[in-house]
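All remarks here apply to the structure that follows.
What you see below is based on every heavy atom in this structure, not just the backbone, and it leaves out hydrogens, waters and symmetry mates. Please read these numbers as outputs of a predicted model, since none were measured by experiment.
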Amino acid sequence: MSFERLTIQDDRFLINRMIAQAPRHTLVREFFMNAQESAAYAPQGQRLVRIFPTLIEGVRKLTFWNTGPGMDATELRTATNISASINKQMSVSENFGIGAKVSGLTVSPAGIRYRSCKSGVVHEVTIGFDEEADTYVRFAYEFEHGRDEAVFDVTDLVSETADLSYDWTEVVLIGEDDDHDTVLEPIGRGFTVDRSYVPTQIFRRFSQFRPGVEVSIDVALTKGGGKEETGRSRTLKTLQKVLPELPNAEIVTCPDTGVRIQYVHDPKHANYSHSISALKNPATSSTSFCALVHKGERYNFRTGKAWSAVAPNYGIPFGSTVLTVEIMLPDAAALPNQYRDALTTVDERSAITTDDYSSKVRELMPEWVKDVIREAHPPRDENLDDLQNDLQRLLDEFRMPTSTYVKSQKATERTESSDAGLDEAQSADVDPIDSEEERFLRGERASGQRATDKKVRKAPEGAKLSKEAMALERAPTIEILIEPAEIEEKQMKGRAGRFYKDAQTLFINGLYSAVDRMTGELELHFAGQAEAEALRTIVLRAAQRTMAYRVGKATCYAISKRLVDGWSLEDLDRATSPESLSLAADDYRQSLNAARKWVRSELKTLGFVIEELEIA
């Protein structure tokens, strides 16, 4: 069958556009990947990758150096073409042949210098942007007799400083101009990064190196001792290499999908502020994180505040600073996108993120991980069981099925009949909650006992909940945060609450402004009726509990809208957003009377004589 192959009409425009649109943050990944892939072909024990500064006219330039098969003049010329590689398989799922050159030229248009030693002979070529040609070229250098060459022999030039007894390749990033220090600013002028940016990017991106490859980083590119120094190196290790030094790590495989989830406990060292993994791997900054892993590389990497903010959805409401989660996908389950900075599905090319596997992380979580989470839970004197019980009764009134149960039915059917177009959930005929807030505030005292006894009717032995009852939505677990660091981790500064619907957890900002306003009014109301510090503690608890109840009710009402036609998932998310919950919290005066009654009850319990003041 005959055919006519498509070609590129304007390859200069295509190349210029491709480089202009390339992301900067992939630079380290691309050059390191090239270096380690080449080094993997060197003899065992000689598979080396070194990253260090090279001085060119007194200015530091970031350099990647590796052992492995060298390139002669012809191979070096081919290797510097766009979409071309030497000794690599070219395919959509393997090597693209564009990554390092495209991302490198994006941040280093003044030049990328390649030197390669093959069989004792070293050749050099430099690629970069030529203003006269208005495109990217191999720079030509003038030799004797007026001859110009782009690829030339520099063996005599480097023989005194380089070992030519084995093959190697060196790549130097010139930067945006000759004065650009690409060690200090590797991804471009004006882009400030940590001194250990390069090794940290490698550590975060690669879950493993090629077999036998050893990586060393010059101290000029690492934190700690060595600032303004060069010539000394630190070994860079992967997380897998330091796992034996950590308290616990385990991989659990999902039998249905083949997805493997690795849970790692990486606490701070007892005597230092760094994590144990960071101390065992001083070339980089190692912290807990969550990421996808595909073919030895990590994607959708989340660490620090970004990880702490979403960790509750993964079943980790506390302890994200000491727990790492790696979600390892089968090779055939994903493809990298054009610039290899994200994963997509094979068929639809839809983006894949760690959030797609949050339920698996919760479902497969080992018991020892749950113990770490429990240990990380801040100590709380407050018992919020009564609050959650009342919220559960509120949800039970709506007979709200869980999302999972709804999806298992052919059509959504309410427990009670309702009219089409009803603008709120239909309540079932159950015992109403009378004076809900007061009931909540009459709940658990400091002793843990209820203020009044209530007859409890036990179900007959052998009875169990119906399938429908077991599928009813559960009220969210309430967690009141009072430490600024915890509030910052959950990105709740200036917000009253944050609801994690997947984990059914509602975090309350115990330092929210409405708490302060109510506390001020309550202290003024009860001034002189108790010792100041004791009174302050009680009224603060009252303000926090009542706000938690207001936010909890708003969350439950929002959840109930899932049964209402016309409410989309986006609508539901907006209804339970931190901003919406904050509006519910701000109306603190609706809770003042109930809070005053609760404070009086607490003060009497502690033996204080309370003056009966008129309630405004």
Side-chain angles (χ1 to χ4, degrees), residues 378-391 394 433-452 478-484 486-487 492-498 506-556 578 580-616:
R380 298 283 190 262
D381 295 331
E382 198 76 7
N383 188 327
L384 302 177
D385 288 350
D386 53 325
L387 182 155
Q388 292 179 197
N389 288 340
D390 280 352
L391 293 180
L394 181 62
I433 301 176
D434 54 333
S435 191
E436 296 171 345
E437 200 157 15
E438 292 185 25
R439 287 187 64 259
F440 152 58
L441 290 170
R442 291 201 309 266
E444 300 290 337
R445 293 179 177 269
S447 64
Q449 299 296 320
R450 289 191 176 272
T452 57
I478 307 295
E479 297 283 358
I480 299 179
L481 305 181
I482 58 175
E483 294 295 331
E486 297 172 353
I487 294 167
M492 292 171 57
K493 190 174 182 180
R495 307 291 193 274
R498 183 175 290 275
L506 176 62
F507 286 93
I508 302 296
N509 181 355
L511 304 182
Y512 185 62
S513 57
V515 171
D516 289 336
R517 293 197 296 271
M518 177 180 269
T519 298
E521 292 198 27
L522 291 175
E523 282 188 304
L524 183 63
H525 184 84
F526 291 98
Q529 300 191 43
E531 189 271 328
E533 185 173 344
L535 178 62
R536 171 72 182 178
T537 299
I538 292 172
V539 299
L540 180 60
R541 286 175 57 203
Q544 291 171 341
R545 288 168 63 91
T546 51
M547 189 183 79
Y549 191 69
R550 292 195 303 277
V551 174
K553 282 201 300 182
T555 302
C556 289
S580 293
L581 298 181
S582 297
L583 297 179
D586 286 337
D587 188 15
Y588 71 92
R589 283 195 168 87
Q590 68 166 285
S591 305
L592 269 176
N593 284 345
R596 288 168 180 164
K597 291 178 182 179
W598 188 79
V599 171
R600 286 194 182 91
S601 176
E602 289 296 300
L603 290 174
K604 288 179 181 179
T605 300
L606 296 175
F608 293 102
V609 178
I610 308 302
E611 297 179 13
E612 292 298 329
L613 300 179
E614 181 180 353
I615 299 177

Notebook entry, point to check: Which residue, R545, R550, R596, forms the side-chain hydrogen bond (donor to acceptor under 3.5 Å, both in side chains) with S591?
Noted result: R550
Next item on the list: List in chain and number order the residues that pass ring pair (Phe, Tyr, Trp, His ring centres under 6.0 Å) with Y512, two or more places apart in sequence or in another chain; answer none if no residue qualifies.
Entry: none
Note to self: Quick one: does any side-chain atom of T546 pair with a main-chain N or O of A542 as donor and acceptor, under 3.5 Å?
What the structure shows: yes
Check: Given side chains that start at C-beta, do those of L581 and R498 come closer than 4.5 Å, heavy atoms only?
Finding: no
Notebook entry, point to check: Quick one: salt bridge (charged side-chain N to carboxylate O under 4.0 Å, His left out) partners of D587, sequence neighbours excluded?
Noted result: none
Margin query: Using 0.5 Å steps for rounding, measure from the CZ atom of R536 to the CG atom of L522.
Written below: 10.0 Å
Check: For the atom pair CG (D516) and CG (L540), what is the distance rounded to the nearest 0.5 Å?
Finding: 8.0 Å
Margin query: If I take atom CZ from residue R541 and atom OG1 from residue T537, how far apart are they, to the nearest 0.5 angstrom?
Written below: 8.5 Å
Next item on the list: Taking all non-hydrogen atoms of both residues into account, name the closest pair between N509 and M547 and its distance.
Entry: O-CE, 3.2 Å
Next item on the list: Please identify each residue that fulfils side-chain hydrogen bond (donor to acceptor under 3.5 Å, both in side chains) with S580, with sequence neighbours left out.
Entry: S577
Margin query: I478: which residues meet the side chain to side chain contact (heavy atoms under 4.5 Å, CB included) condition with it, sequence neighbours left out?
Written below: L384, L387, Q388, L391, I480, L506, I508, A548
Next item on the list: Locate the shortest heavy-atom distance separating A496 from S582; write the atom from each residue and the value.
Entry: N-OG, 2.9 Å
Checklist line | Over all atoms of both residues, closest heavy-atom pair of L535 and A530 | finding: CB-CB, 4.2 Å
Note to self: Please enumerate all residues that pass side chain to side chain contact (heavy atoms under 4.5 Å, CB included) together with R517, with sequence neighbours excluded.
What the structure shows: S513, A514, D586, Y588
Next item on the list: Using the test side chain to side chain contact (heavy atoms under 4.5 Å, CB included), find all partners of P378 that sit at least two apart in sequence or belong to another chain.
Entry: F318, R380, E486
Item checked: Side-chain touch L592/H525, heavy atoms, less than 4.5 angstrom -> no
Notebook entry, point to check: Going by heavy atoms in the side chains, are D390 and Y549 under 4.5 Å from each other?
Noted result: yes
Check: Between I487 and K493, which heavy-atom pair has the shortest distance, and what is it?
Finding: CG2-N, 3.8 Å
